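Throughout, a chain's letter reflects where its sequence line sits, starting with A, and its residues are numbered from 1. Note that the structure is a prediction, hence the values are computed from the model and not measured.
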2 protein chains.
Amino acid sequence: MTQQAKVQVEKLTAANTRDKILDAAEALIVEHGYAGTSLRAITQRAGVNLAAAHYHFGSKKGLFSAVFHRRIEPVRQMRQQALETLIDSGKPYTVKDVIRTFLAPLYQVQNTDLLDTLPSLVGRIYGEPESVSKPILEAEFSEIADRYQAVFCGLLPRVPAEEIRWRFHFMIGSMIQTLRFQSPLGMAVDREQFINNLDRLVEFTAAGMQQLRDG
Amino acid sequence: MTQQAKVQVEKLTAANTRDKILDAAEALIVEHGYAGTSLRAITQRAGVNLAAAHYHFGSKKGLFSAVFHRRIEPVRQMRQQALETLIDSGKPYTVKDVIRTFLAPLYQVQNTDLLDTLPSLVGRIYGEPESVSKPILEAEFSEIADRYQAVFCGLLPRVPAEEIRWRFHFMIGSMIQTLRFQSPLGMAVDREQFINNLDRLVEFTAAGMQQLRDG
DNA sequence: GTCTATATTGGGATAGAC
DNA sequence: GTCTATCCCAATATAGAC
């Protein structure tokens, strides 16, 4: 059973208290952010007791970290595997290929509920104050980001590393904006439209990443 | 006396209670966001009474709107004037020229304090939950955004309007990411570095905006 | 592992004196 | 226009029974 399929089951059943809390917290954080979401609102929505949240997660911050880790860790694994598979294939690959391994995992979620929440959740973390977002981003994201930047440097040997860093940053920005905008709260996302926007995003960011100075 | 110069003076003196509250609120919102900032913390930092905030702004949301309007309105005016000047000049202009009129006002603030706060403030509003950000963005931003999209459509007649809309969106995303990242809290921003990043951002987004399909 | 009950603190908002 | 004092509610967190 793949990790992804397992998440699906969790999402559909939410058998135990711990997962009920995670599900409720996730939905509310997507809508109102960290500071705007109370443990009371979470446990009420989950149909469990307030004290249970502290028992399972220790604190509000602990719960917050767990909510993000549950969703982002599978994405990280998919990115890493797709990237290394591409590189180890021995065949030549382009900037666009690499970008696609980075962005596609966010769009390849099978479960419809996750299709709504995962992009919004990723978009949300970048909007949080640094005191909230920085520990999460460093734990979940910094290693794979370094790896991608190194790969881009290899593909674009004439572009300085610092310039690559900035272009990577612009790419993240375009991604976040797309994630936040295309699945606004409660709006069902049409799957075909969603995939079209992945293509648009890849084209846009690839053009910027490998830009040639043309005046 | 230009509006910009007037803002400078306000910022340096903060003579009256109303401006002291705005200044304090601005600094705290940049750091902790809307939900993470209390009226008590604001008025304490401003050295004024809690009730004064309600007297001048009616509510927390009213204060929030005022904080953003004070900074964003001059930017809107600068963008509008630069854009119409470019178009009315009669000379031909490029996508890059237009993008520069959009992005440059954020970088052309004279006052050093504003150079720190304005970008962070603009970056912040996009990270807020929709219930907070939407009213602000629609009031301050939607008209000028429509205008720019129309100009891009005129410059790129072969690109469908919907595609332009998405590319404009990606551009905003890159902008926000840059604004949020390059003036982190309390960090003094080196002016030369700051301007360099404007050039990078213009190049990146122009490449994506006028991209040609090259496989 | 889950509950009730509560400690403690902080939140937005307002009445009314000056 | 600014203050003190207060209302009322919500927040995180924990103690202790079951």
Taking atom [atom2] of [N] as reference, at what distance in whole Å does atom [atom1] of [X] sit?
| X | N | atom1 | atom2 | value |
| --- | --- | --- | --- | --- |
| A:Asn16 | C:dT2 | CG | P | 8 Å |
| B:Leu28 | C:dG10 | CG | C1' | 15 Å |
| B:Leu50 | C:dA13 | CG | P | 10 Å |
| B:Ile21 | D:dG1 | CD1 | P | 11 Å |
| A:Tyr34 | D:dA11 | OH | P | 13 Å |
| B:Asp19 | D:dT2 | CG | P | 11 Å |
| B:Asn49 | D:dT4 | CG | P | 6 Å |
| B:Leu39 | D:dC8 | CG | C1' | 16 Å |

Side chain of [X] only, heavy atoms from C-beta on: which candidate in [options] is closest?
| X | options | result |
| --- | --- | --- |
| B:Ala51 | D:dC3, D:dG1, C:dA13 | D:dC3 |
| B:His54 | D:dT2, C:dG12, D:dA13 | C:dG12 |
| B:Arg40 | D:dA13, C:dA13, C:dC3 | C:dA13 |
| B:Ser59 | D:dA13, C:dG11, C:dA13 | C:dA13 |
| B:Lys60 | D:dT14, C:dT2, C:dA13 | C:dA13 |
| A:His56 | C:dC3, C:dG11, C:dT2 | C:dT2 |

Query - A:Tyr34 versus A:Phe64, closest heavy-atom pair with distance - result: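 Heavy atoms only, the tightest pair is CD1-CD1, 3.3 Å.
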Requested in this report: Check the pair B:Phe102 / B:Phe168 against ring-ring contact (aromatic ring centres under 6.0 Å, His included), numbers first and verdict last.
Outcome: CA-CA 11 Å; B:Phe102 186 78; B:Phe168 188 75; 5.6 Å; yes
Any [X] side-chain heavy atom under 4.5 Å of [Y] side chain:
| X | Y | answer |
| --- | --- | --- |
| B:Tyr148 | B:Arg79 | yes |
| A:Ile172 | A:Tyr126 | yes |
| A:Met175 | A:Leu179 | yes |

Look at the side-chain N and O atoms of [X] and state whether any lies under 4.0 Å from the OP1 or OP2 oxygen of [N].
| X | N | result |
| --- | --- | --- |
| A:Ser38 | D:dA10 | no |
| B:Tyr55 | D:dG1 | yes |
| A:Thr17 | C:dG1 | no |

